[in-house]
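Read through the structure below, which is laid out as structure tokens, and then see the notes.
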2 protein chains.
Amino acid sequence: MRAPQSQFESTSQAAALPVRRSGNGRKASADSPDTRFDRQLAKVLQHAARIFCDKGFEGASMRDLSRAAGMSLAGLYHYFSSKEELLYLIQKHTFETIIASARTRLEKSADPEERIRIFIENHLEYSLANKEAMKVLTHEDDTLKNDQGAEVRAIKRDYYRICLDLLEDLRKVKGLQFSSRLAVLSLFGMINWIYTWHNPRVDPDAAELARGMGDLFLGGVVSNGKTKRKTSAPGPK
Amino acid sequence: MRAPQSQFESTSQAAALPVRRSGNGRKASADSPDTRFDRQLAKVLQHAARIFCDKGFEGASMRDLSRAAGMSLAGLYHYFSSKEELLYLIQKHTFETIIASARTRLEKSADPEERIRIFIENHLEYSLANKEAMKVLTHEDDTLKNDQGAEVRAIKRDYYRICLDLLEDLRKVKGLQFSSRLAVLSLFGMINWIYTWHNPRVDPDAAELARGMGDLFLGGVVSNGKTKRKTSAPGPK
DNA sequence: ATAAAGTCCGAACGAACGTTCGGTAACTAG
DNA sequence: CTAGTTACCGAACGTTCGTTCGGACTTTAT
């Protein structure tokens, strides 16, 4: 929930974006990561995530947003160049944060099964602590087009790949047989669906949820992987 | 006053909607379940589902829809009274169809585990055969407000309840211990997430997908339900 | 002090939105 | 045939949309 560094480059499209850099060469002090610009942008991004979460990207108007952020319509455009870029900034920041967190936590264990549990718990903890941003991630999954969409999709693929590797480690070490793709997408289904139903007043917190879903998923993968022959039942072709 | 509406009736709000019934009073010929009106409405609904699926409910314009349906903007309003009602008709019809199909198929078995597999397979088969409508169901989950929203939400609760009952049957018969709510929501996560990734050219068909997810889910539920302890029994592999 | 840069706003732009209205063909009933 | 209903459309309504522009106040640099 901290401010994003203002390294907001599109990476693509080198044009036209009003982008400020925080620590540009001027100042003597090496780096000031939080400029006024950065702090205000972070605040706007947070309000925007809430509005996009509530009304959807297309359903939310810039006027809704200006009301929520307590800033004039025109004033908003000081911080980004279009509504689309706003969505891009939210999605990119959210993905990068959760990936960084996962990578850090995964360093602490070498056991394949425990690493999968760590991955799940990290995802659930971040999801429940940042519900709005996570809903915007999944709900506006294919809203962004062109370069910005491709970039976010690439980051998402990284995240997917982390989980896939964890599962293939497990499979090798335990000598199991199952489709990693099907398993990882089932797991993502479980943990990404939570935003549609989780109610903090009735449902468990992230840690217990992670334990329950970890049990369910790992129990399923392990118990089936052991006895399974892949081309089993003749079935309909 | 004006006309439309047929077997897709709106049980809530008795006012203001243009209502028309299909087989009203007169026709002698045995069954005309399909009047011209009904057939045209069904066609429009199908086009609308595709457009809503592609661009989202808010992102889709009535002009997009009129182009897709090959009908003028004004002509569309002969069949429904607002864009919102259009979404309502799609969602209601989809839910009712999948529920009816599930109920019919479930009659054919009394074994709790097999019944869960039937439920999963029914859901996946319908989902893959009606991708657009299913995406509109889940993606525009909280778009509808007021009476129409409440009605769709009630139908959805029925569907959830069917699955919950199946799981509690399993738990009783097998003497397992697990949270039915967590289990059913995890299962829904798996099977509803499919629309975000399934590619018919690479991924298995509904039957094999249902087998795989049934194995995963039932394996997890059963193996964990038996030993209320943490996972990974110390037993040697 | 003066200049430059950064921050923010009121007002307006043209385009697109959902919906309505008056009318016109086509079909159906008697 | 005529009368009436059904199916549909062109054109427009009023509103809201994302975005822009010129200017003004505030902070920073010299």
Side-chain angles (χ1 to χ4, degrees), chain A residues 6 16-29 32 34-44 47-48 51-52 55-88 143-145, chain B residues 1-6 16-29 32 34-44 47-48 51-52 55-67 69-88 143-145:
Chain A
S6 62
L17 294 184
V19 170
R20 300 298 176 295
R21 317 222 35 151
S22 41
N24 58 356
R26 279 315 194 102
K27 197 54 186 356
S29 87
S32 53
D34 280 335
T35 61
R36 175 167 156 79
F37 181 88
D38 284 329
R39 266 176 281 120
Q40 283 282 84
L41 173 56
K43 215 181 68 183
V44 170
H47 286 296
I51 302 291
F52 287 168
K55 322 180 68 157
F57 176 73
E58 309 271 5
S61 75
M62 294 300 290
R63 284 160 182 86
D64 291 332
L65 180 44
S66 89
R67 210 174 303 119
M71 189 179 293
S72 77
L73 195 53
L76 285 175
Y77 282 84
H78 184 62
Y79 292 99
F80 46 85
S81 63
S82 73
K83 195 186 173 192
E84 287 222 338
E85 199 202 20
L86 187 50
L87 177 60
Y88 161 78
T143 302
L144 287 176
K145 307 295 177 191
Chain B
M1 315 326 185
R2 33 211 161 353
Q5 192 86 353
S6 69
L17 290 184
V19 168
R20 174 197 190 271
R21 313 235 25 152
S22 49
N24 59 356
R26 8 160 257 96
K27 195 48 181 60
S29 142
S32 54
D34 282 333
T35 61
R36 177 169 156 79
F37 181 89
D38 282 332
R39 266 176 281 121
Q40 282 283 83
L41 173 55
K43 216 182 67 184
V44 169
H47 286 297
I51 303 291
F52 287 169
K55 322 179 70 155
F57 176 73
E58 308 270 6
S61 75
M62 294 301 289
R63 284 160 182 84
D64 292 333
L65 180 44
S66 89
R67 211 174 302 117
M71 190 180 292
S72 77
L73 196 51
L76 286 175
Y77 282 85
H78 184 61
Y79 293 98
F80 46 85
S81 64
S82 73
K83 194 186 174 193
E84 287 221 339
E85 199 201 20
L86 187 50
L87 177 60
Y88 161 77
T143 302
L144 286 176
K145 308 293 179 192

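Chain letters run A, B, ... following the sequence lines, proteins first and then strands; every chain starts at 1.
Taking CZ of Arg67(A) as the start and CE of Met62(A) as the end, the distance is 12.5 Å to the nearest 0.5 Å.
A 4.5 Å side-chain heavy-atom check between Phe52(B) and Lys83(B) finds at least one atom pair inside the cut-off.
Among the nucleotides dT19(C), dG10(D), dG18(D), the one closest to any side-chain atom of Ser82(B) is dT19(C). Closest to the side chain of Ser72(A), from the set dT19(D), dA11(D), dC9(C), is dC9(C). Closest contact between the side chain of Tyr77(A) and the listed nucleotides dC8(D), dT7(C), dG18(D) involves dG18(D). Side-chain atoms of Ala74(A) lie closest to dC9(C) of the nucleotides dT19(D), dT7(C), dC9(C).
For dC8(C), one of the phosphate oxygens OP1 or OP2 lies less than 4.0 angstrom from a side-chain nitrogen or oxygen of Gln40(A). When the side-chain nitrogen and oxygen atoms of Arg36(B) are compared with OP1 and OP2 of dC8(D), one or more of them lie within a distance under 4.0 Å. Within the structure, a side-chain polar atom (N or O) of His78(B) is placed less than 4.0 Å from OP1 or OP2 of dA7(D).
Between Tyr79(B) and Phe37(B), a ring centre-to-centre spacing shorter than 6.0 Å is recorded.
Residue contacts for Leu76(A): at a heavy-atom cut-off of 4.0 Å it reaches no nucleic acid atom on any strand shown.
Taken residue by residue, residues 56-70 of chain A places heavy atoms nearer than 4.0 Å to DNA chain C at Arg63(A).
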